[in-house]
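Read through the structure below, which is laid out as structure tokens, and then see the notes.
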Amino acid sequence: MLSLTSLRPLSSTVKQSYRGYASLLNTPTENVNELPLRLQAIKLYKELHRLGRDYPDPKYDFNKRLRRAFEKNSKVTDPEQLKKQLELGEHIKKEVLALMSLKKFRHLRRSYHANEGPR
């Protein structure tokens, strides 16, 4: 019979390895600005794409618009212009998060205070 002390979780014994850009993207960094601009853009795209899955309005098709915006700006090579685009993307990320939290708040408000009107 096996004892419970001899069993170890797999996560401590097997290390997950990444190749290429994934190794840099998945390592925790103190400051995102330490990454090259291309990797910052990839990381921002992934974050926005994940947020787009839960976007409140399904008719808006957030992920399709996101892809078109990134494809349109894929030829930009000027570092200053890239930094401006990344700042705009971070702003959009904050706006989407705010929109999602507002939707959750409204849902909870309707659930618990159905008789009250909007404030």
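We're numbering straight along the sequence, starting at 1. Just so it is clear, the model here is predicted, and its values are computed rather than measured.
- Here Tyr60 is tied into one hydrophobic group with Leu37, Leu44, Tyr45, Leu48, Leu51, Tyr55, Phe62, Leu66, Phe70, Val76, Leu82, Leu86, Leu88, Ile92, Val96, Leu97, Leu99, Met100, each link being a pair of ILVMFWY side chains closer than 4.5 Å.
- Taking CZ of Arg67 as the reference point, atom CG of Asp61 lies at 12.0 Å (rounded to 0.5 Å).
- Rounding to the nearest 0.5 Å places CD of Gln85 at 10.5 Å from CG of Asp78.
- Atom CD of Glu87 is separated from atom NZ of Lys83 by 9.0 Å, given to the nearest 0.5 angstrom.
- Heavy atoms from other residues, nucleotides or ligands lying under 6.0 Å from CZ of Arg106 number 12 at most.
- In this view, Lys93 and Glu47, Glu90 satisfy the side chain to side chain donor-acceptor pair (under 3.5 Å) rule, not counting sequence neighbours.
- Here the closest heavy-atom approach between residue Ser101 and residue Ala98 is recorded as OG-O, 2.9 Å.
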